[in-house]
Structures are given as C-alpha cells and as structure tokens.
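All remarks here apply to the structure that follows.
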2 protein chains.
Amino acid sequence: MDEEESEFLARYDPRAFPAVAVTVDVVALTIRADALHVLLVERGSQPHAGRWALPGGFIRPGEDLPEAARRELAEETGLAPRVHIEQLAGYGAPERDPRMRVVSISYLAFAPDLPDPQAGSDAADAAWHRADRLPELAFDHGRILADGLERARDKLQYTPLATAFVGETFTISELRGVYETVWGVPLHAGNFHRKVLSVPGFVESTGETTESGGRRGGPRSRLYRAGAAGLLHPALLRPAKDEETR
Amino acid sequence: MDEEESEFLARYDPRAFPAVAVTVDVVALTIRADALHVLLVERGSQPHAGRWALPGGFIRPGEDLPEAARRELAEETGLAPRVHIEQLAGYGAPERDPRMRVVSISYLAFAPDLPDPQAGSDAADAAWHRADRLPELAFDHGRILADGLERARDKLQYTPLATAFVGETFTISELRGVYETVWGVPLHAGNFHRKVLSVPGFVESTGETTESGGRRGGPRSRLYRAGAAGLLHPALLRPAKDEETR
DNA sequence: CTAGATAGTCTCAAGATGAGAATAACCGTG
DNA sequence: CACGGTTATTCTCATCTTGAGACTATCTAG
C-alpha cells in the first residue's frame, strides 16, 4: 500500500518528506487619524519583490511561535515587542508560496497609535496602511489580513480588546472611537457610556479628568484605565446587519 | 550579524534550517450515552508508545491542511471523512515532540453518534473516550484537547454547531441535550424551547413528529432540521459562572 | 459673549431572559 | 384498563438589557 508505506516512513523519518518550512506572519493593527491601520512591509526579494506583505518570516530552531512573531515584528519594523499578541490561524495550502511548501502560523497584534516603523533587514520599506485602502498583497496575505480584521471586530464584542488600542488612561469617548473605527459604524454616545460603565471589570476610574475639553468643545471628561476583566459580560454586541442567516 | 545572516539564508534556502515537520491533529467530538466523547488512538510506536493521543500525522506533499485532517481521521479510525471540520489552532513549542521540531495544526471535528472506530495503520487501538474521564495524553495533546473543548463550548453559543451533534432531523429536547451535555449544566426546558424557535434560521420544522413518546413517557415531539443560519442572533448564552473577571 | 459640540444622566418603550406553572400526551406497571 | 410519573409545549410575570431621544452643564472657537 502506497499510503501505508508513506505513513510508515513518516513515523520513522519525517525528513524523508520534501522539506516543509514554517513561518509566522503578523497582522499588526493600530488606530491612527481615526482609521484602522495595518502594518505592511514591502518585500525586498523574490518572489513578489516590491509587493506589500505582512511582516513575518521563518521560525528559528528552539524558538517558540509567539516568540518568533514578536521577533519578526521587531526586526522588520522596529516596533517594540511589547504589544499584545495572539494567534490567529494556520495557513498551509500547497501552492501558497511558489518556492516550496510553506505553512504559516499567523498572529494578531494590537497597539495604541505608534510611531512610523523602520524597515528592517529584509524589508525594503515598512509602513502603516489604512485597512480600508489596501494594496494587493503578496502570497495569500490578503486572506490572512481579512481573517485578522474579522477576528478583531469579533473580539471587540466580548473582550476588553479595545483598551489595547488606546493609551494607559483614556476617556469613554476615546474608547467609543475605537469601536466606531474598527466596526465602521457610529454608536449612540449615551448608551455606549452606560454600557461600558455597567460591564464589571471593563474599565476603572482613575479619578482624574482630561486637562481640557475636546478640540471642538465640550466639558472635560473623566479618565479611566483598563479593568481586570478578561471577558465582557454582558457582551457589547455589534449592531446587527440583518443578514444573520447565510 | 548572526541574525541577519540567518535571515539571509532563510530567504534563499530555507532548507538550510534544521528540518521542521508539520502535522495535523484532530479533536473529534461526539455525544454518546448522554456524555461528550473524544476520539483517541493508542500510539503503536515510540515515542509515547501505548499512550493515548489525538488522531493525526504528517501532512503530505501537495495536500491541503483540512484535507490532511480528514485523511488522518479516516485512516486511523475508519470514520467517514464527511464530518464537519474546522481549524482549531497551531502548536509549535520547540520541545513538544522529542524527535524533532514539529509544528501541528489542530482541527476540531463534530459528528452525531457514530459507530466504534477501527484502529488504522499506525494506531494500536482507537476508541471514544468520555471527555470528563480522560487518560493522560501523549505530547501536548492534553492541552490541544482542552482548547478544543473550550472552543466547542464557546461556539455552541453563537453558531448552530449543536445541530452537528444530532441526526438529520431532531427534537428540541435532543438539541437541548447537546447543550446540557457539552456545557455540563441543566437548562430550563421551557425557556430553551422558546429561545430555539425564536432565533431566526436556527431550526426549521419538518412537520413530522416522533413515532412515539420518550422512553420514560411524555408526548411525541415535533421534528426539526437544521436551518440556514450561520450565526445565532441573538446568541444562546451559556449560564454565567459569576467569575467573569479575571 | 455667543454658537456649536461634547460628557454624562435620564426616561421610556421594546426585547430578551429566568423561574414557575399549566396542559396534555404518552410510558410502563399493577 | 386506570394510574402515577415523565415529558413536550405554551404561558405568565418580574427583571434585565437595549435603542432612541432628550436635557444639562461645560468647554472651545471666533
């Protein structure tokens, strides 16, 4: 049996299989100028040279997956390896990389507004791109990015993820801005305020207020910091789009 | 720079890196005898020979990931490759397999009550195990399994996943049984009934009823089939455990 | 100083949820 | 065949959550 023999070999010497490479790719998100931005690097070498791609690269011996993701993010973009990071998914379609079989584990990273990145070793350039005006990406990175955005929109509902996009302390309005930007819909200010304060552990008051009102007027607002909750109960549901069925 | 050189090599010849193997592992769940069961195989070879593990194995050249997961499930257990399957996560800690660097992409599979599996090529045995009385598993499969169970419990809330555990047609009570079994809590029959019928697209009536009442009495119940909804709105929330914060 | 914008509260109606109960159909048994 | 126990389905009612709109006080810009 051809299948059984392959299996047999696999158990005793996996190296007999054609080489498989494992990479990590990072979907790093931030909010700048009231728009959701994604970090992209311009590829400096073939294949897809000159095309934008997600920061990422091959894992190293002895290096754990999340560790590799942080390293790649730092290496290729100069971004502090301190951002919140979590696994997104694995991608392994046979032809996704023309060079060889490459399986990629993607990670999702969130950060408050950060400085412009510095292109690292093997990236010709690195820059934040508006999530709603993306260039065509290399490999299957377009799909990975789309999955990452969907995941982020989803997690905003039932986790305190939004607080990862703002500074150490923030106002309820800033937090609402995160939701409105990521979801792309305006929210009712009063109801949002009530909701955020009523979910246990979402935010906690610092007792302070902003130094001045907003740039277009309005009173000073109270400052909050992220609370201890890992999950929001009840969740902050995204306004339904009526097309729940499918 | 050692780092830059490694990176350079990686770009031009990833094969220069120590071999990395990629496997798929499957967390297959079903409900038998009112208890959640997981499919496990007894390893026939080293390492961890004789220990129970998740069905899985190395991916083959040209084979897509989900395809590999279905193949392994069928090969090692004789189970029809027709079950609903979805990706769980990637696992790649450096020491998770003593033989070499192995990165595993895990899949989650759901099926209605199925016959006992047949041990395949490289499994000494294959059997359904109660999810609440598991033996110690090989490698990091205990962690993968735990992640899979958590994912399943979660998805029951906002997707029609529960219908994958019952037959083509089913009663509301059977559906409730799925929730009670997976979540491990009793649910209010009346409220569950109201809820299921009120969520658009969750179930649709077949117009039929069961041939007879339940084995302990009670009237015949109406039969339903899975509806077209991909998401449940509003969701069927799992009873809170008060410890939302953390 | 005035107009316009915003933070934070409230009110009210509409939905959704949790608990308990009522009704009726069906089991196995005596 | 009548009876007790069990279960499917429907209702009621109090409570919670949500969505919309409105009001007040505070602040910026001009």
Side-chain angles (χ1 to χ4, degrees), chain A residues 34 157-158 166 169-180 183 185-200 202-224 231-242 244, chain B residues 34 156-158 166 169-180 183 185-224 231-242 244:
Chain A
D34 288 322
Q157 296 187 106
Y158 51 91
V166 294
T169 66
F170 50 86
T171 67
I172 301 290
S173 291
E174 285 171 344
L175 198 60
R176 175 162 49 85
V178 172
Y179 279 89
E180 294 180 327
W183 285 349
V185 296
L187 298 176
H188 185 293
N191 291 342
F192 182 85
H193 207 285
R194 172 184 61 187
K195 177 71 181 175
V196 168
L197 296 185
S198 75
V199 174
F202 192 3
V203 302
E204 58 184 38
S205 176
T206 64
E208 317 256 300
T209 69
T210 50
E211 291 294 322
S212 61
R215 58 194 72 215
R216 280 185 296 210
R220 302 176 177 188
S221 42
R222 298 180 194 150
L223 286 169
Y224 297 83
L231 287 176
L232 306 184
H233 270 317
L236 239 150
L237 295 179
R238 172 161 39 159
K241 286 237 194 69
D242 294 317
E244 285 114 40
Chain B
D34 289 324
L156 232 45
Q157 296 186 104
Y158 52 89
V166 293
T169 66
F170 49 86
T171 67
I172 301 289
S173 291
E174 285 172 344
L175 198 60
R176 175 161 51 84
V178 172
Y179 279 89
E180 293 181 328
W183 286 347
V185 296
L187 298 177
H188 184 293
N191 291 341
F192 182 85
H193 206 283
R194 172 183 62 187
K195 177 71 182 175
V196 168
L197 296 185
S198 76
V199 174
F202 190 3
V203 301
E204 58 184 39
S205 176
T206 64
E208 318 256 300
T209 69
T210 50
E211 291 294 323
S212 63
R215 58 193 75 214
R216 279 184 297 211
R220 302 178 177 186
S221 43
R222 299 185 193 146
L223 286 169
Y224 297 82
L231 287 175
L232 306 184
H233 269 316
L236 240 151
L237 295 179
R238 173 160 38 159
K241 286 238 196 69
D242 293 320
E244 285 114 40

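In the text below, chain A, chain B and the rest are named by the order of the sequence lines, each starting its count at 1. As the structure is a computational prediction, the values presented were derived from the model and not from experiment.
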Expected list for residues 206-219 of chain B: side-chain donor-acceptor pairs under 3.5 angstrom, two or more places apart:
| unit_1 | atom_1 | unit_2 | atom_2 | d |
| --- | --- | --- | --- | --- |
| T206(B) | OG1 | E208(B) | N | 3.1 |
| T206(B) | OG1 | L223(B) | O | 2.9 |
| T210(B) | OG1 | S212(B) | O | 3.0 |
| T210(B) | OG1 | S221(B) | N | 3.0 |

Show the nearest heavy-atom pair for residues [X] and [Y], with the distance to one decimal.
X	Y	answer
R238(A)	Q157(A)	N-OE1, 2.9 Å
L236(B)	W183(B)	O-CH2, 3.3 Å
Y179(B)	L156(B)	OH-O, 2.9 Å

Measure the OH-OG1 distance between Y224(A) and T169(A) for me, rounded to the nearest 0.5 Å.
12.0 Å
Please give the angle, rounded to 10 degrees, between the axes at the start and the end of the helix from dC1(C)-dG30(D) to dG30(C)-dC1(D), where five pairs define each axis.
20°
In 5'-to-3' order, the base (B), backbone-only (S) or no-contact (-) status of each nucleotide in nucleotides 18-30 of chain C, using a 4.0 angstrom heavy-atom cut-off, is BBB----BBS---
With nearest nucleotides of DNA chain C determined for R176(A) and S198(B) from heavy-atom distances, which residue corresponds to the more 5′ nucleotide?
R176(A)
Would you mind reading off the distance between [X] atom [atom1] and [N] atom [atom2], rounded to a whole angstrom?
X	N	atom1	atom2	answer
F192(A)	dT6(C)	CZ	P	16 Å
L232(B)	dA16(C)	CG	P	14 Å
R222(A)	dT6(C)	CZ	C1'	14 Å
I172(A)	dT9(C)	CD1	C1'	14 Å

Of all nucleotides in DNA chain D with an atom under 4.0 Å from a non-hydrogen atom of chain B, which is the first and which the last going 5' to 3'?
dG5(D) to dT12(D)
R220(A): side-chain hydrogen bond (donor to acceptor under 3.5 Å, both in side chains) partners, not counting sequence neighbours:
none
Cut-off 3.5 Å, no hydrogens considered: what does the side-chain donor-acceptor table look like for residues 187-202 of chain B, sequence neighbours left out?
| unit_1 | atom_1 | unit_2 | atom_2 | d |
| --- | --- | --- | --- | --- |
| H188(B) | ND1 | G190(B) | N | 3.1 |
| H188(B) | ND1 | N191(B) | N | 2.9 |
| N191(B) | OD1 | R194(B) | NH2 | 3.3 |
| K195(B) | NZ | P234(B) | O | 3.4 |
| K195(B) | NZ | A235(B) | O | 3.2 |
| S198(B) | OG | R194(B) | O | 3.4 |
| S198(B) | OG | K195(B) | O | 2.9 |

